[in-house]
Amino acid sequence: MSCKIHAESYDEIIERNWPEGVKKTKQRIDIFKILYGSHEPLSAADIYTKLNNEHLSEMYAFSTIYRNLIAFEKAGVISKTVLATEETALYELKSGKHRHYVVCLKCHKKMPIAVCPLHEIEHEIEHSVPGFEITGHNLEIYGYCENCSKEK
């Protein structure tokens, strides 16, 4: 007996991950695909550039991208982060767990940290500040990536 393994199509991925109550439009599906295919958070400008490079016949307006990112954020599909080294917000699909990044000060490459080092600190805060409910946190670590540290 043979088993046929196939890659999941974008249609299946979108159907499984689409937020309830959010209307499916071509623009939203295209933005979702860009975010799904990215291994790092993207700015609205990054998404704008990628979309307009991939869809030459139909130019996307920056305002359309931004409005759809806001809709995704309100629906809880993406997370929005503003790194201290960036002037613009970065967006990525939520994957069930949050991520923290190390950021290169020279090339601005963002690399995810494998584990969250703040979970133990959260427990300490809950004990030392009674009644305080933690709803989230953010951690950024700055330095130089392997390529940039060689150039110094």
Side-chain angles (χ1 to χ4, degrees), residues 7-123 125-126 132-152:
E8 191 174 25
S9 73
Y10 269 126
D11 291 337
E12 293 169 324
I13 292 165
I14 289 167
E15 194 60 39
R16 187 170 34 82
N17 294 294
W18 200 260
E20 192 173 315
V22 175
K23 184 178 176 183
K24 280 187 200 171
T25 65
K26 182 178 180 347
Q27 293 88 356
R28 288 181 180 168
I29 291 169
D30 289 344
I31 291 168
F32 183 93
K33 287 179 181 179
I34 295 289
L35 289 167
Y36 184 82
S38 179
H39 299 291
E40 67 178 16
L42 300 171
S43 69
D46 294 333
I47 296 167
Y48 172 83
T49 301
K50 288 178 183 276
L51 281 174
N52 286 322
N53 286 341
E54 290 179 11
H55 302 276
L56 298 174
S57 63
E58 49 185 300
M59 295 299 286
Y60 281 82
F62 189 80
S63 59
T64 300
I65 293 164
Y66 190 69
R67 274 193 314 275
N68 284 302
L69 288 171
I70 290 170
F72 280 151
E73 184 183 7
K74 284 181 180 177
V77 175
I78 63 173
S79 60
K80 174 183 174 182
T81 305
V82 180
L83 300 176
T85 58
E86 300 285 330
E87 293 181 9
T88 58
L90 300 173
Y91 301 89
E92 65 184 324
L93 289 176
K94 287 187 176 178
S95 61
K97 61 179 182 174
H98 67 281
R99 292 195 269 184
H100 301 291
Y101 294 91
V102 293
V103 182
C104 180
L105 293 169
K106 186 171 183 182
C107 70
H108 305 286
K109 182 177 180 180
K110 296 161 238 17
M111 297 156 278
I113 300 169
V115 296
C116 176
L118 296 178
H119 286 300
E120 287 188 30
I121 295 171
E122 283 185 345
H123 296 297
I125 292 170
E126 288 172 352
F132 185 78
E133 179 185 350
I134 298 173
T135 60
H137 60 261
N138 193 20
L139 172 67
E140 303 161 21
I141 299 174
Y142 302 98
Y144 296 95
C145 68
E146 184 177 17
N147 292 336
C148 293
S149 63
K150 290 177 185 176
E151 296 173 7
K152 289 176 27 180

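Just so you know, these numbers come straight off a predicted model, no measurement behind them.
Here the side chains of I78 and E92 are not in contact, with every heavy-atom distance at 4.5 Å or above. Looking at heavy atoms from C-beta onward, V77 lies out of side-chain contact with V22 at the 4.5 angstrom threshold. With contacts defined as side-chain heavy-atom distances shorter than 4.5 Å, the pair E126/F132 does not qualify. Contact check for V103 versus K109: no side-chain heavy atoms found under the 4.5 Å cut-off. Taking the side chain as every heavy atom from C-beta outward, M59 and L51 never approach each other to under 4.5 Å. Proximity of Y101 to P41: side-chain heavy atoms (C-beta onward) are separated by under 4.5 Å at one or more points. Between N68 and F32, the closest side-chain pair of non-hydrogen atoms is not below 4.5 Å. When side chains are defined from C-beta on, L90 does not count as touching L42, because their heavy atoms never get closer than 4.5 Å.
A distance-only check finds a donor-acceptor pair linking the side chain of H100 to the backbone of L139 [under 3.5 Å]. With S149 contributing its side chain and C145 its backbone, the two residues share a donor-acceptor pair below 3.5 Å. In this structure, the side chain of R28 engages the main chain of K23 through a donor-acceptor pair within 3.5 Å. Put simply, the side chain of T49 gets close to the backbone of A45: a donor and an acceptor are under 3.5 Å apart.
Residues passing the ring-ring contact (aromatic ring centres under 6.0 Å, His included) test with H123, sequence neighbours excluded: none.
Remark: E58 engages K26 in a salt bridge, criterion side-chain N to carboxylate O under 4.0 Å.
Here the shortest heavy-atom pairing between Y91 and Y66 reads OH-CE1, 3.7 Å. Residues K106 and C148 approach most closely at CB-SG, 3.7 Å, considering heavy atoms. Contact record, S79 with K94: N-CG, 3.9 Å, taken as the closest heavy-atom pair. A pairwise comparison of heavy atoms in K110 and E40 identifies O-OE1, 3.5 Å as the closest pair.
More than 12 non-hydrogen atoms from other residues, nucleotides or ligands lie less than 6.0 angstrom from NZ of K24.
Residues in residues 42-53 take part in no salt bridge (Lys or Arg N to Asp or Glu O under 4.0 Å) pair, two or more places apart or across chains.
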Practice task
I would like to know whether E54 and D30 meet side chain to side chain contact (heavy atoms under 4.5 Å, CB included); could you show each step before the answer?
Solution key: CA-CA 10 Å; E54 290 179 11; D30 289 344; over 6 Å; no
